[in-house]
Amino acid sequence: MLQELKGRDFLSLKDFSKEEIKEMIDLAVELKGYHKQGVRKEMLAGKTLAMIFQKSSTRTRVSFEAGMYQLGGLAHFLSTQDLQIGRGEPISDTARVLSRYVDGILIRTFDQQEVEQLAQYADIPVINGLTDLYHPTQALADMLTIYEHKNQLEGIKLAYIGDGNNVVHSLMVAGAKLGMEVRVATPVGYEPQKEIVEMAQGFAQENGGKIILFNDPEAAIQGVDVLYTDVWASMGQEEETEIRKKHFQGYQINAKMLELADKKAIVMHCLPAHRGEEITHEVMEGPQSVIFDEAENRLHAHKAILAALL
Ligand code: CP
Ligand code: NVA
């Protein structure tokens, strides 16, 4: 089965079956185990990954870079400010040139179409390291984290409170495929994209999951196993920061909100976080927070993606 993932692109989790996503989670668990025991598995010896970044990154950049090295390969960090892309060289040309040098390309950019164009012209796997639409590598690490803390994915109830953005789009797709109940509470006008909600509802139906939208965060949180949030203004939305702070009042994960969830609920955030906005310092640092385990799991999940695809 893993063999069927070789050479594939990782643009959105919608392109992977439930079984394939589970395989990647299992591989991440295995690679995490080796890493903890200090066993090196040089599965990508001699292979290289080009990483194109048009937006800032701490976790995605460092975990992919470290992950390639730990698997015996090498990663090149390429900022679009330094690449010829920044001076107007087309993505289609960049894709064909890089394909002749390296074994895979990771890209973080604004428009999902750019990632798709890169994949269309590259003859090596392309990995989406975040666009305005999706953040699939994050969602895979999140599923690994939930699995580790809850011992299951099917039937898990997750409430995402906040902006209907890239992170929740990928969470809905992954959760639906894995048979989870994903509840999304946003202010009116900040709902996730309709087409993605409907697509995820279709996946949920096939896999025994549910996708439910709310505008009332308290109603969404009742009894959930996982509480998830993300920034109110994503990269590229800096100008809307102040107006969003007003519109998102009441959508903060704080101690009072946490009380409405299951007693054993875990709290997640993809990071970076704005303490005092979408989440309080108290909850972030509290006993139910698994936020730093989640950040760690980016490394292990990314290594699984690389080992499977490259
Ligand atoms: N969560 C996440 O993708 O973090 P970075 O922006 O630091 O990569
Ligand atoms: N939604 C956030 C996620 C950052 C990892 C953003 O796009 O900025």
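Here the structure is a predicted model, which is why all the values come from computation and not from measurement. Residue indices begin at 1 and follow the sequence shown. First listed ligand is number 1; within each ligand, the first listed atom is number 1.
- Within the structure, the closest approach of L130 to ligand 2 falls below 4.0 Å when heavy atoms are considered.
- Residues E198 and K194 are paired through a salt bridge, judged by an N-O separation under 4.0 Å between the basic side chain and the carboxylate.
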Please tabulate, one pair per line, all N/O donor-acceptor pairs under 3.5 Å involving side-chain atoms of residues 170-177, not counting sequence neighbours.
| unit_1 | atom_1 | unit_2 | atom_2 | d |
| --- | --- | --- | --- | --- |
| S170 | OG | H135 | N | 2.8 |
| K177 | NZ | K14 | O | 3.0 |
| K177 | NZ | F16 | O | 2.7 |

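- Between Y190 and F248, the ring center distance clears the sub-6.0 Å criterion.
- Around ligand 1, the residues contributing at least one heavy atom under 4.0 Å from the ligand are S57, T58, R59, T60, R108, H135, Q138, C270, L271, R298.
- Looking at heavy atoms from C-beta onward, S12 lies out of side-chain contact with N128 at the 4.5 angstrom threshold.
- A 4.5 Å side-chain heavy-atom check between I127 and L309 finds at least one atom pair inside the cut-off.
- Within a 6.0 Å sphere centred on CD of Q81, other residues, nucleotides and ligands contribute 12 heavy atoms or fewer.
- Counted within 6.0 Å of CD on E282, heavy atoms from surrounding residues, nucleotides or ligands total 12 or fewer; the atom is thus considered open.
- Near L271, meaning under 4.0 Å from one of its heavy atoms, ligand 2 places the atoms 5 (C).
- For the residue pair M143 and L153, the shortest heavy atom distance occurs at O-CD2, 3.5 Å.
- Near M235, the atoms of ligand 2 lying under 4.0 angstrom from a non-hydrogen atom of the residue are 6 (C), 7 (O), 8 (O).
- Of the N or O atoms in H135, none lie within a sub-3.5 Å distance of an N or O in ligand 2.
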